There are 2 protein chains.
Amino acid sequence: MRLTTKGRYAVTAMLDLAIHSHCDPISLAEISKRQEISLSYLEQLFSKLRQAELVVSVRGPGGGYKLSRSLDDIFVAQIVDAVNESIDATSCQGKGNCQHGEVCLTHHLWSDLSDQIHHFLSGISLEKLVDRGDVKSISQRQNNVALEDVDHEDLNQSDLRVIQTSHTA
Amino acid sequence: MRLTTKGRYAVTAMLDLAIHSHCDPISLAEISKRQEISLSYLEQLFSKLRQAELVVSVRGPGGGYKLSRSLDDIFVAQIVDAVNESIDATSCQGKGNCQHGEVCLTHHLWSDLSDQIHHFLSGISLEKLVDRGDVKSISQRQNNVALEDVDHEDLNQSDLRVIQTSHTA
DNA sequence: CCAATAACCAAGTAATTTAGTCAACTATAT
DNA sequence: ATATAGTTGACTAAATTACTTGGTTATTGG
């Protein structure tokens, strides 16, 4: 069963994208700053998210990533699936060959658990998350922190503008 | 989120114990043989299971482990908790300090998921598992295999008796 | 009593995975 | 042209898992 920082990072980044994306693509650099996830690591994750057709990329200046479809059509389970190979709790990846080609004693238990988890995460869309009160307030806090960080850095005016518009748009 | 071979082994071993324990304690060597789990590894796991008071040990010849209480009072969640430090899906172990002492954007999602998993596994007792048809048939298969293995080894008559009685009792 | 049994315990280790770095390359907007 | 930002691959440090090794203690049947 794999559900570690990798899957959490992916969902967090996608939720960040969902909150801040309106028309312009969002760069990984912005997500990296707000969610404090290594840029290079985000690149790896978004490579998989793109392969899973959950996001589309726009290259070049002003580029970034956009969600491939509407918020109510992207589910947490899909995101986790895209970066982890599965959220399967069995040792045999559901194949049922855990003990000499046959199922082990607890195979069905883990299979049932996998179904439960998958069902739960499949029911949660990005839209649902974005609409949550706690998510809204946490996002607002992150925006403020991000703006403070900008003050402490030696950025030029255009950098600042990009970050501010993505917050307030 | 930790739910790997470790937790699976622990549950499998406990279920094996539940199936075969009637009055006499069951040695880890027997469980090791039937479930194909390294004996030394089982020792480590049972050390934790004993600390969690899920099993009691009997030392010396004829010794082994017994469940500390009845089958309907031991739940899968307790077993996993005993060997993994938690089945928590959050990155902060539920403390809510995932981002600079405050909750991260997806904290509540993982917290909810943890509750779901815990609730599911808390509802499954060893008794429920033992009563399942698939568990019964798999256990029977394992007994047959264990007996075949005995034939291939150079064991004395008393060894054979111990294993057979534990199967049929 | 004593030897066999089986739990107990600590330390070490190989393999795997995660999380992240580094260095290059490609497409595109200004 | 040049800066931006995605794309890709290889590589690495740290952590964790899944063991192994080598003991020690307690208990029991002979």
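Chain A is the first sequence line, chain B the second, and so forth, proteins listed ahead of strands; every chain is numbered from 1. In this text, all values refer to a predicted model and were calculated from it rather than measured experimentally.
Rounded to an integer number of Å, the gap from B/L42 CG to D/dT20 C1' is 14 Å. One can place CG of A/D24 at 13 Å from P of D/dG6, the figure rounded to the nearest angstrom. What separates NZ of B/K66 from C1' of C/dA6 is a distance of 15 Å, to the nearest Å. For the pair A/E30 CD and D/dG6 C1', the interatomic distance rounds to 14 Å; values are reported in whole Å. Note: CG (A/L39) to C1' (C/dA19) measures 14 Å, nearest angstrom. Rounded to whole Å, atom P of C/dC9 lies 13 Å from atom NZ of B/K48. If you take CD of A/E43 and P of C/dG20, they are 13 Å apart, rounded to a whole angstrom. Taking atom CG of residue A/L45 and atom P of nucleotide C/dT21, one finds them 13 Å apart after rounding to whole Å.
Checked by distance alone, A/Q44 brings no side-chain donor or acceptor within 3.5 Å of a matching partner on the base of C/dT18.
Nearest-nucleotide mapping onto DNA chain D: of B/R59 and A/R50, the residue sitting toward the 5' end is A/R50. Comparing B/P61 and B/Y65, the nucleotide of DNA chain C nearest to each residue sits closer to the 5' end for B/P61. Each of B/Y41 and A/G62 was assigned the nucleotide of DNA chain D with the nearest heavy atom; the assignment lying further toward the 5' end belongs to A/G62. Mapped onto DNA chain C by nearest heavy atom, A/G60 and A/S38 fall at different nucleotides, with A/S38 at the one closer to the 5' end.
A side-chain contact (heavy atoms from CB on, under 4.5 Å) with A/L15 is found for one member of A/I138, A/V130, A/I74, A/I31 and no other, namely A/V130.
Within the nucleic acid shown, A/F46 has no heavy atom closer than 4.0 Å to any nucleic acid atom. As judged by a 4.0 angstrom heavy-atom cut-off over every strand, B/S40 is placed among the base-contacting residues.
Side-chain N/O atoms of A/T5 include one lying less than 4.0 angstrom from OP1 or OP2 on C/dA19. Put simply, A/S57 has a side-chain N or O that comes within less than 4.0 Å of OP1 or OP2 on D/dT7.
Counting only N and O atoms by type, the side chains of A/Q142 and A/Q35 include a donor and acceptor under 3.5 Å apart. Residues A/H107 and B/D134 bring no donor and acceptor atom of their side chains to less than 3.5 Å of each other.
Pairs of residues two or more places apart, or lying in two chains, that qualify as salt bridge (Lys or Arg N to Asp or Glu O under 4.0 Å) and include a residue from residues 54-76 of chain A are A/R69-A/D73.
Relative ring orientation between B/Y41 and B/Y9 is described as perpendicular, the plane-to-plane angle rising above 60° on a 0-90° scale split at 30° and 60°.
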